[in-house]
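Working notes, structure below.
Bear in mind that the values here come from a model prediction, so they are computed numbers and not experimental data. Start at 1 and go down the list; that is how both ligands and their atoms are numbered.
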Amino acid sequence: DKAGHKHFMAKEIAEQPVVLANALSAYLSGDSLILPEPGLDFTKVERLVMVACGTAYYACLTAKYWFERLARLPVEVDIASEFRYREPPVTKGTVALFVSQSGETADTLAALRYCAGKADTIVSVVNVETSSIARESDLALPIHAGVEIGVASTKAFTCQLNVLFLLALEAARVRGTLDAHEIAQLIGSLRAMPGLFNAALAVDPALDQAARKIAPARDVLFLGRGYMYPLALEGALKLKEISYIHAEAYASGELKHGPIALIDKDVPVVVFAPKDSLFDKTVSNMQEVMARGGKVVLVTDAAGAASAGADAWQTVVLPTVDERLAPLLYALPAQLIAYHAAVAKGTDVDQPRNLAKSVTVE
Ligand code: F6R
(Lines give C-alpha, C1' and ligand atoms only; values in the text may rest on other atoms or scores of the structure.)
Protein backbone atom coordinates (compact mmCIF):
# COMPACT_ATOMS: atom_id res chain seq x y z
CA ASP A 1 0.00 0.00 0.00
CA LYS A 2 1.55 3.23 -1.16
CA ALA A 3 -0.64 5.35 1.16
CA GLY A 4 -1.55 7.77 -1.62
CA HIS A 5 1.99 8.11 -2.98
CA LYS A 6 2.95 7.34 -6.57
CA HIS A 7 5.81 5.10 -5.51
CA PHE A 8 6.93 3.16 -2.46
CA MET A 9 10.08 5.23 -2.52
CA ALA A 10 8.08 8.46 -2.14
CA LYS A 11 6.09 6.91 0.70
CA GLU A 12 9.22 5.71 2.45
CA ILE A 13 10.89 9.11 2.13
CA ALA A 14 7.79 10.81 3.52
CA GLU A 15 7.56 8.37 6.43
CA GLN A 16 10.92 9.34 7.85
CA PRO A 17 9.74 11.84 10.50
CA VAL A 18 7.40 9.27 12.05
CA VAL A 19 9.73 6.32 11.67
CA LEU A 20 12.64 8.20 13.21
CA ALA A 21 10.52 9.34 16.15
CA ASN A 22 9.54 5.71 16.80
CA ALA A 23 13.13 4.55 16.54
CA LEU A 24 14.18 7.23 19.03
CA SER A 25 11.61 6.16 21.55
CA ALA A 26 12.79 2.56 21.23
CA TYR A 27 16.38 3.52 22.06
CA LEU A 28 16.15 6.40 24.50
CA SER A 29 14.94 6.76 28.02
CA GLY A 30 15.61 10.38 28.90
CA ASP A 31 19.24 10.85 27.98
CA SER A 32 20.13 7.18 28.44
CA LEU A 33 20.56 4.67 25.67
CA ILE A 34 18.58 1.44 25.96
CA LEU A 35 20.42 -1.43 24.27
CA PRO A 36 19.04 -4.94 23.77
CA GLU A 37 20.74 -7.74 25.74
CA PRO A 38 23.63 -8.41 26.18
CA GLY A 39 24.48 -4.72 25.60
CA LEU A 40 27.93 -3.44 24.70
CA ASP A 41 30.65 -2.24 27.07
CA PHE A 42 32.72 0.40 25.29
CA THR A 43 35.31 0.58 28.09
CA LYS A 44 37.05 -2.46 26.66
CA VAL A 45 36.80 -1.56 22.99
CA GLU A 46 40.07 -0.55 21.34
CA ARG A 47 39.02 -0.53 17.73
CA LEU A 48 35.84 -0.64 15.73
CA VAL A 49 35.66 -2.30 12.32
CA MET A 50 32.54 -1.54 10.32
CA VAL A 51 31.60 -3.49 7.21
CA ALA A 52 28.65 -3.19 4.81
CA CYS A 53 27.63 -2.72 1.16
CA GLY A 54 26.08 0.15 -0.79
CA THR A 55 24.00 2.62 1.15
CA ALA A 56 24.68 0.76 4.40
CA TYR A 57 28.40 1.27 3.72
CA TYR A 58 27.83 5.01 3.43
CA ALA A 59 26.06 4.93 6.80
CA CYS A 60 29.22 3.30 8.19
CA LEU A 61 31.44 5.95 6.58
CA THR A 62 29.36 8.65 8.24
CA ALA A 63 29.57 6.85 11.56
CA LYS A 64 33.36 6.77 11.32
CA TYR A 65 33.31 10.57 11.65
CA TRP A 66 31.10 10.27 14.74
CA PHE A 67 33.03 7.52 16.52
CA GLU A 68 36.36 9.20 15.86
CA ARG A 69 35.31 12.74 16.66
CA LEU A 70 32.89 12.22 19.50
CA ALA A 71 34.39 9.12 21.14
CA ARG A 72 38.04 9.28 19.92
CA LEU A 73 37.70 5.61 18.98
CA PRO A 74 39.82 4.27 16.08
CA VAL A 75 37.53 3.09 13.30
CA GLU A 76 38.02 1.22 10.07
CA VAL A 77 35.29 1.01 7.48
CA ASP A 78 35.24 -1.36 4.57
CA ILE A 79 33.09 -2.68 1.76
CA ALA A 80 32.11 -6.27 2.58
CA SER A 81 33.26 -7.73 -0.74
CA GLU A 82 36.75 -6.26 -0.28
CA PHE A 83 37.04 -6.96 3.42
CA ARG A 84 36.19 -10.65 3.26
CA TYR A 85 38.65 -11.57 0.52
CA ARG A 86 41.47 -9.45 1.89
CA GLU A 87 41.42 -11.51 5.08
CA PRO A 88 42.47 -8.58 7.28
CA PRO A 89 43.83 -9.16 10.79
CA VAL A 90 41.05 -8.86 13.37
CA THR A 91 42.66 -8.56 16.77
CA LYS A 92 41.36 -8.75 20.34
CA GLY A 93 39.83 -5.51 21.55
CA THR A 94 38.03 -5.18 18.21
CA VAL A 95 34.31 -4.84 17.88
CA ALA A 96 33.16 -5.84 14.39
CA LEU A 97 29.98 -4.06 13.34
CA PHE A 98 27.88 -4.99 10.30
CA VAL A 99 25.16 -2.79 8.85
CA SER A 100 22.49 -4.28 6.61
CA GLN A 101 18.88 -3.39 5.95
CA SER A 102 17.93 -6.88 4.78
CA GLY A 103 20.34 -8.74 7.03
CA GLU A 104 20.87 -11.20 4.17
CA THR A 105 23.47 -9.53 1.95
CA ALA A 106 25.83 -12.38 1.04
CA ASP A 107 29.10 -10.46 1.22
CA THR A 108 28.21 -8.79 4.51
CA LEU A 109 27.19 -12.11 6.03
CA ALA A 110 30.44 -13.72 4.84
CA ALA A 111 32.43 -10.84 6.35
CA LEU A 112 30.59 -11.37 9.65
CA ARG A 113 31.41 -15.08 9.62
CA TYR A 114 35.05 -14.26 8.94
CA CYS A 115 35.13 -12.08 12.08
CA ALA A 116 33.30 -14.55 14.31
CA GLY A 117 35.78 -15.99 16.81
CA LYS A 118 38.34 -13.28 15.96
CA ALA A 119 36.64 -10.07 17.13
CA ASP A 120 35.61 -9.65 20.78
CA THR A 121 32.05 -8.87 19.82
CA ILE A 122 29.98 -9.10 16.65
CA VAL A 123 27.40 -6.33 16.47
CA SER A 124 24.88 -5.80 13.70
CA VAL A 125 22.60 -2.92 12.81
CA VAL A 126 19.71 -4.42 10.86
CA ASN A 127 16.18 -3.71 9.78
CA VAL A 128 15.01 -7.32 9.47
CA GLU A 129 15.33 -8.64 13.01
CA THR A 130 14.93 -12.30 12.05
CA SER A 131 17.65 -12.13 9.38
CA SER A 132 20.80 -14.27 9.18
CA ILE A 133 23.04 -11.33 10.07
CA ALA A 134 20.95 -10.53 13.15
CA ARG A 135 20.90 -14.17 14.26
CA GLU A 136 24.63 -14.64 13.93
CA SER A 137 25.53 -11.50 15.91
CA ASP A 138 26.32 -11.27 19.61
CA LEU A 139 24.27 -8.08 19.68
CA ALA A 140 21.71 -7.19 16.99
CA LEU A 141 20.42 -3.63 16.98
CA PRO A 142 17.18 -3.12 15.06
CA ILE A 143 16.84 0.19 13.23
CA HIS A 144 13.01 0.12 13.46
CA ALA A 145 12.51 1.50 9.96
CA GLY A 146 9.58 -0.78 9.17
CA VAL A 147 9.36 -2.74 5.94
CA GLU A 148 11.25 -1.06 3.11
CA ILE A 149 9.94 -1.97 -0.33
CA GLY A 150 11.51 0.51 -2.73
CA VAL A 151 14.77 -0.98 -4.01
CA ALA A 152 16.56 2.30 -3.32
CA SER A 153 17.16 2.46 0.40
CA THR A 154 15.84 5.64 2.04
CA LYS A 155 14.31 5.39 5.51
CA ALA A 156 16.63 2.50 6.35
CA PHE A 157 19.61 4.82 5.76
CA THR A 158 18.42 7.53 8.15
CA CYS A 159 17.46 4.91 10.73
CA GLN A 160 20.88 3.26 10.40
CA LEU A 161 22.47 6.66 10.98
CA ASN A 162 20.28 7.15 14.04
CA VAL A 163 21.41 3.91 15.70
CA LEU A 164 25.05 4.50 14.81
CA PHE A 165 24.93 8.04 16.18
CA LEU A 166 23.42 6.79 19.45
CA LEU A 167 26.15 4.15 19.71
CA ALA A 168 28.83 6.78 19.12
CA LEU A 169 27.30 8.90 21.90
CA GLU A 170 27.32 5.90 24.21
CA ALA A 171 30.98 5.28 23.37
CA ALA A 172 31.73 8.94 24.07
CA ARG A 173 29.94 8.77 27.42
CA VAL A 174 31.76 5.65 28.59
CA ARG A 175 35.14 6.81 27.32
CA GLY A 176 34.64 10.22 28.90
CA THR A 177 35.25 12.14 25.67
CA LEU A 178 31.97 14.06 25.99
CA ASP A 179 30.50 15.25 29.29
CA ALA A 180 26.92 14.69 30.38
CA HIS A 181 25.92 18.18 29.32
CA GLU A 182 27.27 17.78 25.77
CA ILE A 183 25.57 14.41 25.46
CA ALA A 184 22.26 15.80 26.67
CA GLN A 185 22.57 18.60 24.13
CA LEU A 186 23.19 16.21 21.24
CA ILE A 187 20.32 13.98 22.30
CA GLY A 188 18.12 17.07 22.43
CA SER A 189 19.16 17.88 18.85
CA LEU A 190 18.45 14.31 17.78
CA ARG A 191 15.02 14.44 19.39
CA ALA A 192 14.33 17.58 17.33
CA MET A 193 15.25 15.77 14.10
CA PRO A 194 11.78 14.41 13.23
CA GLY A 195 10.54 18.03 13.26
CA LEU A 196 13.44 19.11 11.05
CA PHE A 197 12.68 16.20 8.73
CA ASN A 198 9.18 17.62 8.28
CA ALA A 199 10.65 21.01 7.47
CA ALA A 200 13.06 19.41 4.97
CA LEU A 201 10.20 17.55 3.29
CA ALA A 202 8.45 20.88 2.85
CA VAL A 203 11.35 22.03 0.65
CA ASP A 204 10.32 19.36 -1.85
CA PRO A 205 9.16 21.79 -4.61
CA ALA A 206 12.63 23.36 -4.78
CA LEU A 207 14.25 19.92 -4.89
CA ASP A 208 11.85 18.86 -7.64
CA GLN A 209 12.82 21.95 -9.61
CA ALA A 210 16.53 21.21 -9.15
CA ALA A 211 15.98 17.57 -10.15
CA ARG A 212 14.18 18.55 -13.36
CA LYS A 213 17.14 20.73 -14.31
CA ILE A 214 19.53 17.86 -13.59
CA ALA A 215 17.46 15.15 -15.32
CA PRO A 216 18.66 15.83 -18.91
CA ALA A 217 22.34 15.63 -17.88
CA ARG A 218 24.52 12.66 -18.75
CA ASP A 219 26.85 13.15 -15.81
CA VAL A 220 26.40 14.74 -12.41
CA LEU A 221 28.98 15.41 -9.72
CA PHE A 222 28.23 15.46 -5.99
CA LEU A 223 30.55 17.27 -3.60
CA GLY A 224 30.79 17.50 0.17
CA ARG A 225 33.34 17.80 2.94
CA GLY A 226 33.49 16.21 6.38
CA TYR A 227 30.09 14.85 7.34
CA MET A 228 28.81 15.81 3.91
CA TYR A 229 31.30 13.66 2.02
CA PRO A 230 29.66 10.27 2.74
CA LEU A 231 26.35 11.97 2.07
CA ALA A 232 27.59 13.10 -1.36
CA LEU A 233 28.46 9.44 -2.06
CA GLU A 234 24.97 8.41 -1.03
CA GLY A 235 23.38 11.14 -3.20
CA ALA A 236 25.36 9.96 -6.23
CA LEU A 237 24.43 6.31 -5.62
CA LYS A 238 20.73 7.16 -5.28
CA LEU A 239 20.76 9.18 -8.49
CA LYS A 240 22.52 6.55 -10.58
CA GLU A 241 20.51 3.60 -9.38
CA ILE A 242 17.06 5.02 -10.05
CA SER A 243 17.53 7.66 -12.77
CA TYR A 244 20.43 5.91 -14.60
CA ILE A 245 22.29 9.22 -14.77
CA HIS A 246 26.01 8.73 -14.29
CA ALA A 247 26.86 10.37 -10.99
CA GLU A 248 30.09 10.53 -9.04
CA ALA A 249 30.86 11.92 -5.64
CA TYR A 250 34.07 13.51 -4.46
CA ALA A 251 35.29 14.99 -1.26
CA SER A 252 35.35 18.70 -2.17
CA GLY A 253 39.05 18.90 -1.40
CA GLU A 254 39.79 16.21 -4.00
CA LEU A 255 38.23 18.24 -6.80
CA LYS A 256 41.45 19.82 -7.94
CA HIS A 257 43.24 16.47 -7.92
CA GLY A 258 41.46 15.30 -11.03
CA PRO A 259 37.69 15.56 -11.33
CA ILE A 260 37.72 19.31 -11.96
CA ALA A 261 38.77 18.37 -15.50
CA LEU A 262 35.21 17.11 -16.03
CA ILE A 263 33.57 20.42 -15.26
CA ASP A 264 31.74 22.24 -18.02
CA LYS A 265 28.28 23.67 -18.54
CA ASP A 266 26.83 20.21 -19.17
CA VAL A 267 27.86 18.66 -15.85
CA PRO A 268 25.64 19.80 -12.99
CA VAL A 269 27.34 19.77 -9.60
CA VAL A 270 25.33 19.17 -6.45
CA VAL A 271 27.06 20.61 -3.39
CA PHE A 272 25.93 19.68 0.13
CA ALA A 273 27.18 22.47 2.36
CA PRO A 274 25.47 23.56 5.56
CA LYS A 275 27.18 26.58 7.10
CA ASP A 276 29.44 24.43 9.27
CA SER A 277 33.09 24.73 10.26
CA LEU A 278 34.19 23.62 6.76
CA PHE A 279 31.75 25.79 4.83
CA ASP A 280 34.24 28.38 3.58
CA LYS A 281 36.48 25.68 2.18
CA THR A 282 33.60 24.01 0.36
CA VAL A 283 32.46 27.36 -1.02
CA SER A 284 35.88 28.02 -2.47
CA ASN A 285 35.66 24.63 -4.24
CA MET A 286 32.20 25.59 -5.45
CA GLN A 287 33.58 28.83 -6.87
CA GLU A 288 36.26 26.88 -8.72
CA VAL A 289 33.44 24.90 -10.33
CA MET A 290 31.46 28.01 -11.26
CA ALA A 291 34.55 29.74 -12.67
CA ARG A 292 34.73 26.88 -15.19
CA GLY A 293 31.11 27.25 -16.23
CA GLY A 294 29.86 24.49 -13.93
CA LYS A 295 26.25 24.72 -12.80
CA VAL A 296 25.87 24.33 -9.07
CA VAL A 297 22.88 23.14 -7.09
CA LEU A 298 23.76 24.29 -3.58
CA VAL A 299 21.97 22.50 -0.75
CA THR A 300 22.58 24.53 2.38
CA ASP A 301 20.90 26.40 5.24
CA ALA A 302 19.76 30.04 5.49
CA ALA A 303 23.16 31.32 6.62
CA GLY A 304 24.90 29.37 3.85
CA ALA A 305 22.47 30.66 1.25
CA ALA A 306 22.95 34.25 2.41
CA SER A 307 26.71 34.05 2.14
CA ALA A 308 27.16 31.92 -0.99
CA GLY A 309 23.83 31.20 -2.64
CA ALA A 310 23.72 34.14 -5.05
CA ASP A 311 25.77 32.66 -7.87
CA ALA A 312 24.44 29.12 -7.78
CA TRP A 313 22.24 27.69 -10.53
CA GLN A 314 19.83 26.86 -7.77
CA THR A 315 20.02 27.12 -4.01
CA VAL A 316 17.94 24.86 -1.80
CA VAL A 317 17.56 26.02 1.79
CA LEU A 318 17.17 23.49 4.60
CA PRO A 319 16.59 24.19 8.28
CA THR A 320 19.63 24.93 10.41
CA VAL A 321 20.95 21.89 12.26
CA ASP A 322 23.84 20.95 14.53
CA GLU A 323 26.58 20.07 12.05
CA ARG A 324 27.17 16.72 13.70
CA LEU A 325 23.60 15.72 12.84
CA ALA A 326 23.54 17.22 9.36
CA PRO A 327 24.00 13.83 7.62
CA LEU A 328 20.55 12.73 8.80
CA LEU A 329 18.84 15.89 7.62
CA TYR A 330 20.72 16.23 4.33
CA ALA A 331 19.87 12.61 3.45
CA LEU A 332 16.35 13.77 2.61
CA PRO A 333 17.28 16.22 -0.18
CA ALA A 334 19.74 13.63 -1.52
CA GLN A 335 16.89 11.13 -1.76
CA LEU A 336 14.39 13.61 -3.17
CA ILE A 337 16.71 14.93 -5.90
CA ALA A 338 17.23 11.35 -7.09
CA TYR A 339 13.54 10.55 -6.82
CA HIS A 340 12.36 13.56 -8.80
CA ALA A 341 15.07 13.12 -11.45
CA ALA A 342 13.94 9.52 -11.93
CA VAL A 343 10.28 10.56 -12.15
CA ALA A 344 11.21 13.26 -14.67
CA LYS A 345 12.99 10.63 -16.75
CA GLY A 346 10.13 8.15 -16.42
CA THR A 347 12.20 5.28 -15.05
CA ASP A 348 10.84 2.51 -12.83
CA VAL A 349 11.57 4.12 -9.48
CA ASP A 350 10.69 1.22 -7.19
CA GLN A 351 12.15 -1.53 -9.38
CA PRO A 352 15.21 -0.10 -11.14
CA ARG A 353 16.68 -2.29 -13.87
CA ASN A 354 19.33 -4.86 -12.93
CA LEU A 355 18.85 -4.36 -9.17
CA ALA A 356 17.39 -6.54 -6.43
CA LYS A 357 16.27 -5.43 -2.99
CA SER A 358 18.36 -8.03 -1.27
CA VAL A 359 21.65 -9.18 -2.79
CA THR A 360 22.02 -12.76 -1.62
CA VAL A 361 24.56 -13.73 -4.29
CA GLU A 362 28.24 -12.78 -4.21
C1 F6R B 1 21.03 1.47 -2.42
C2 F6R B 1 20.77 0.14 -1.89
C3 F6R B 1 21.90 -0.85 -1.83
C4 F6R B 1 21.92 -1.54 -0.46
C5 F6R B 1 22.97 -2.64 -0.42
C6 F6R B 1 23.07 -3.28 0.94
O7 F6R B 1 19.89 2.25 -2.40
O8 F6R B 1 19.68 -0.16 -1.49
O9 F6R B 1 23.13 -0.24 -2.08
O10 F6R B 1 22.15 -0.57 0.51
O11 F6R B 1 22.67 -3.62 -1.40
O12 F6R B 1 21.88 -3.92 1.28
P13 F6R B 1 21.59 -4.33 2.77
O14 F6R B 1 21.53 -3.08 3.58
O15 F6R B 1 20.29 -5.07 2.74
O16 F6R B 1 22.75 -5.20 3.22
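Atom 14 (O) of ligand 1 has Gln101 N, 2.6 Å as its closest protein atom, hydrogens excluded (heavy atom only). Closest to atom 11 (O) of ligand 1 among all protein heavy atoms lies Val359 CG2, 4.1 Å. Scanning the protein heavy atoms around atom 3 (C) of ligand 1, the nearest turns out to be Thr55 N, 4.1 Å. What sits closest to atom 8 (O) of ligand 1 on the protein, heavy atoms only, is Val151 O, 3.2 Å. Protein heavy atom closest to atom 7 (O) of ligand 1, with residue, atom name and distance, is Glu241 OE2, 2.4 Å. Among all protein heavy atoms, the one lying closest to atom 12 (O) of ligand 1 is Thr105 OG1, 3.5 Å. For atom 5 (C) of ligand 1, the closest non-hydrogen atom of the protein is Cys53 O, 3.6 Å. Protein heavy atom at the shortest distance from atom 15 (O) of ligand 1 is Ser102 OG, 2.7 Å.
Ring-plane geometry between Phe67 and Phe42 is classed as tilted, the angle between the planes lying from 30 to 60 degrees on a 0 to 90 degree scale. Between Trp66 and Tyr227, the two ring planes are tilted [angle within 30° to 60°].
Atoms of ligand 1 lying under 4.0 Å from at least one heavy atom of Ser153, given by number and element, are 7 (O), 8 (O). Under a 4.0 Å criterion applied to the non-hydrogen atoms of Ala56, ligand 1 contributes the atoms 10 (O), 14 (O). Against a heavy-atom cut-off of under 4.0 Å, Gly54 is close to the following atoms of ligand 1: 9 (O).
Using a 4.0 Å cut-off between charged nitrogen and carboxylate oxygen, Lys92 and Asp120 count as a salt-bridge pair. Residues Glu362 and Arg84 are paired through a salt bridge, judged by an N-O separation under 4.0 Å between the basic side chain and the carboxylate. A salt bridge links Asp78 and Arg86; the closest N-O separation between the charged side-chain nitrogens and carboxylate oxygens is under 4.0 Å.
When every heavy atom of Ala273 is checked against every heavy atom of Thr300, the shortest pair comes out as O-OG1, 2.7 Å.
Ligand 1 has an N or O atom lying under 3.5 Å from an N or O atom of Lys238, backbone or side chain. The distance criterion of under 3.5 Å between nitrogen or oxygen atoms is not met by Ala152 with respect to ligand 1. Taking any N or O of Ser100, backbone or side chain, at least one lies under 3.5 Å from an N or O belonging to ligand 1.
The main-chain N or O of Ala184 is never found under 3.5 Å from a side-chain atom of Asp31 such that the two would form a donor-acceptor pair.
Not a single heavy atom of Ile133 sits under 4.0 Å from any atom of ligand 1.
In the model, Glu46 has no side-chain atom that pairs as donor or acceptor with a side-chain atom of Thr94 under 3.5 Å. For the residue pair Tyr27 and His144, no side-chain donor N or O sits within less than 3.5 Å of a side-chain acceptor on the partner.
Neither the backbone nor the side chain of Thr108 comes within contact range of ligand 1; no heavy atom lies under 4.0 Å.
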TODO: Show your working on side-chain hydrogen bond (donor to acceptor under 3.5 Å, both in side chains) between Gln335 and Gln16 and close with a plain yes or no.
DONE: CA-CA 11 Å; Gln335 297 162 358; Gln16 289 176 104; 2.8 Å; yes
